[in-house]
Amino acid sequence: LYEPEELVMTVAAGTLRRDVEAELAAAGQEFAFEPPDLSRLLGSDHAGTVGGMAAANLAGPRRIKAGAVRDHLLGFRAVSGRGEVFQSGSRVMKNVTGYDLPKIMAGSWGTLAAMSEVTFKVLPAAESSASVVVTGLDGHKAVAAMSAAMQSAFEVSAATFLPGDIAAATGVDGLPQEAVCVLRLEGFAPSVAARKTGLSALLAGHGDIAELDAAASKALWRAVGDVAMFAYDAGRIVWRISVPPMSGADVLDNLSAIDGARGFMDWAGGLIWADMPMSEHGAAQLVRGAIAGCGGHATLIRAPQALRAAIPVFEPQPPALAALSARLKDSFDPQGVLNPGRMYA
């Protein structure tokens with residue numbers, strides 16, 4: 001049930017996301033959180049579903065402006081581990097339905113209930129976009145530049161830092177083949193043009209300024225969101241690391257101590273994607289040690305099944321939080337029949 005004039009869509013959870021996005025695009029709308037397509041990274045072929053998108057709570061580069069999946073999931077229908085059909089939320093933003101269960105379901109990875117129907121708020125797609133490129137920066141200077149941009153009035157919708165080798169791996173024409181900090185602006189064309197001028201002036205003191213044309217900009221942000229730069233060597237493992245944005249450069253430096261590791265920052269420094277050579281324990285201790293001082297968390301995204309079974313895929317929880325998670329799991333799935341072992345032992 002899709003009502004473009006109401007900016008709301010209800011869809012069966014098993015529907016392919018590419019079909020839904022095509023329907024939205026035909027009406028000039030989109031999922032504002034810009035969900036990534038990690039199928040190439042994981043060796044599949046665009047097999048993602050809308051229910052999987054909600055269950056994984058995966059958001060792309062626009063997350064820093066538009067929020068995460070859970071901020072746009074209005075309601076759902078599901079079956080609990082008890083075999084009970086239930087629903088929560090509605091097709092409107094303001095409703096009184098008790099606990100805000102959609103926010104709990106988003107990111108639960110199918111461990112609490114099996115969703116059969118989801119309702120999303122959607123938004124109009126931007127009329128125009130532009131990307132400002134800053135060169136001559138290392139990670140720390142890039143974080144400073146991205147911080148200045150995010151605190152400005154220019155409404156930056158995406159901010160990334162790509163080291164030289166990763167910038168080259170994007171294959172985007174017109175992108176400098178060196179370390180780059182790239183910031184995106186979206187909206188009506190006159191507004192984007194004016195904000196681009198202001199943002200370029202603001203960042204001129206941080207490094208050399210360039211810009212990408214519309215086609216190159218679109219290709220770059222798709223590559224960043226889909227982590228396309230790491231998709232071509234399935235023999236390397238991939239970690240997704242979330243940290244406070246101001247700690248991004250420090251964590252990236254810490255990861256450089258791992259032999260053969262490389263990484264880049266998205267979300268203005270708040271998200272780090274890293275890949276590294278295969279090892280017996282996936283460098284888990286080193287990766288999690290790299291974020292120990294800043295309160296982040298690391299998730300193992302791509303690795304052989306044997307390695308995923310040998311180490312915690314998700315960040316181990318402190319005892320108090322683990323106890324809370326266990327009580328929540330027990331309330332939905334007391335027999336542990338839904339995705340046992342997916343998020344914790």
Side-chain angles (χ1 to χ4, degrees), residues 31-36 38 41 53 56-72 103 106-107 131-134 137-152 154-163 166-167 170 179-186 199 202-203 206 220-230 238-256 261-276 287-301 313-315 317 321:
F31 290 123
F33 48 86
E34 198 174 8
L38 302 182
L41 182 71
M53 176 184 74
N57 194 40
L58 289 177
R62 201 182 293 115
R63 191 231 189 280
I64 58 175
K65 179 181 179 183
V69 178
R70 60 167 50 95
D71 300 308
H72 299 260
K103 284 188 169 57
S131 291
V132 175
V133 181
V134 189
L137 307 180
D138 60 16
H140 294 274
K141 291 179 180 178
V143 166
M146 291 188 289
S147 177
M150 295 306 300
Q151 294 179 61
S152 73
F154 300 121
E155 296 185 47
V156 173
S157 69
T160 187
F161 170 71
L162 308 174
I166 294 178
T170 64
V180 293
C181 174
V182 190
L183 304 108
R184 183 177 63 188
L185 303 168
E186 295 179 297
L199 182 62
L202 174 70
L203 298 177
H206 291 268
L220 173 68
W221 292 109
R222 175 51 61 192
V224 169
D226 296 350
V227 202
M229 299 79 81
F230 295 165
V238 176
W239 288 87
R240 181 179 184 270
I241 304 166
S242 182
V243 297
M246 295 305 293
S247 300
D250 290 331
V251 172
L252 206 56
D253 285 348
N254 292 341
L255 291 173
S256 66
R262 57 180 184 162
F264 68 93
M265 292 185 280
D266 196 5
W267 298 358
L271 177 66
I272 296 172
W273 286 95
D275 81 337
M276 55 200 67
V287 170
R288 293 192 162 119
I291 63 175
C294 67
H297 57 86
T299 305
L300 181 60
I301 296 295
V313 169
F314 293 85
E315 189 73 19
Q317 296 178 332
L321 185 57

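Sequential numbering from 1 along the given sequence is applied to the chain's residues.
- The heavy-atom pair separating Ala261 from Leu255 by the smallest distance is CB-O, 3.6 Å.
- Residues forming a salt bridge (charged side-chain N to carboxylate O under 4.0 Å, His left out) with Asp275 (at least two apart in sequence, or on another chain): Arg236, Arg262.
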Next item on the list: Any chance you could lay out the side-chain contact (heavy atoms from CB on, under 4.5 Å) test for Val156 and Leu185, step after step, and finish with the verdict?
Entry: CA-CA 5 Å; Val156 173; Leu185 303 168; 4.0 Å; yes
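- Pairing each heavy atom of Pro36 with each of Gly225, the nearest pair is CB-O, 3.0 Å.
- The two residues Ala290 and Asn254 make their nearest non-hydrogen contact at O-ND2, 3.1 Å.
- Applying the side-chain contact (heavy atoms from CB on, under 4.5 Å) rule to Pro245 yields no partners; only residues at least two apart in sequence or on another chain are considered.
- Closest non-hydrogen pair, Ala167 versus Val180, comes out as CB-CG2, 4.1 Å.
- The shortest non-hydrogen separation linking Val251 to Cys294 is CG2-SG, 3.9 Å.
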Between Val182 and Val224, does a side-chain contact (heavy atoms from CB on, under 4.5 Å) hold up when you go through it step by step?
CA-CA 11 Å; Val182 190; Val224 169; over 6 Å; no
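- Residues that satisfy the side-chain contact (heavy atoms from CB on, under 4.5 Å) test with Asp138, not counting sequence neighbours, are His140, Lys141.
- With sequence neighbours left out, the side chain to side chain donor-acceptor pair (under 3.5 Å) criterion links Trp221 to Ser131.
- With sequence neighbours excluded, the residues forming a salt bridge (charged side-chain N to carboxylate O under 4.0 Å, His left out) with Asp226 are Arg222, listed by chain and number.
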Apply side-chain contact (heavy atoms from CB on, under 4.5 Å) to residues Val143 and Met265 and explain how you reach the verdict. CA-CA 9 Å; Val143 166; Met265 292 185 280; 3.9 Å; yes
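- Using a 4.5 Å heavy-atom threshold, the side chains of Val69 and Pro35 count as separate.
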Can you check salt bridge (charged side-chain N to carboxylate O under 4.0 Å, His left out) on Glu315 and Arg288, steps first, answer last?
CA-CA 8 Å; Glu315 189 73 19; Arg288 293 192 162 119; 3.0 Å; yes
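- Shown here are the side chain to side chain donor-acceptor pair (under 3.5 Å) partners of Ser157, two or more places apart in sequence or in another chain: Arg184, Glu186.
- Shown here are the side chain to side chain donor-acceptor pair (under 3.5 Å) partners of Ser147, two or more places apart in sequence or in another chain: Gln151.
- With sequence neighbours excluded, no residue satisfies salt bridge (charged side-chain N to carboxylate O under 4.0 Å, His left out) with Arg240.
- Side chains of Leu252 and Phe161 form a contact here, defined as non-hydrogen atoms less than 4.5 Å apart.
- Separating the CD1 atom in Ile241 from the CG atom in Leu271 is a distance of 8.5 Å, to the nearest 0.5 Å.
- Listed by chain and residue number, nothing satisfies the side chain to side chain donor-acceptor pair (under 3.5 Å) test with Glu155 (two or more places apart in sequence, or in another chain).
- We find the CZ-OG1 distance between Phe264 and Thr160 to be 6.0 Å, quoted to the nearest 0.5 Å.
- By the side-chain contact (heavy atoms from CB on, under 4.5 Å) test, Arg70 pairs with Asn57, Ala68, Lys103, Ala106, sequence neighbours left out.
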Exercise for the section: Could you walk me through whether Ile166 and Trp273 pass the side-chain contact (heavy atoms from CB on, under 4.5 Å) test, one step at a time? Expected result: CA-CA 11 Å; Ile166 294 178; Trp273 286 95; over 6 Å; no
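- In terms of modelled atom types and a separation under 3.5 Å, the side chain of Trp239 and the main chain of Ile272 share no donor-acceptor contact.
- Remark: Phe31 engages Phe33, Phe120 in a ring pair (Phe, Tyr, Trp, His ring centres under 6.0 Å) (not counting sequence neighbours).
- Listed here is the closest heavy atom pair of Ala298 and Val287: CB-CG1, 3.9 Å.
- The distance from atom CH2 of Trp267 to atom CD1 of Ile64, rounded to the nearest 0.5 Å, is 9.5 Å.
- Partners of Ala66 by side-chain contact (heavy atoms from CB on, under 4.5 Å), not counting sequence neighbours, listed by chain and number: Ala32, Arg62, His72.
- Note that CG of Leu183 and CE of Met146 are 7.5 Å apart. Values are rounded to the nearest 0.5 Å.
- No donor-acceptor pair closer than 3.5 Å links the side chain of Thr299 to the backbone N or O of Ile301.
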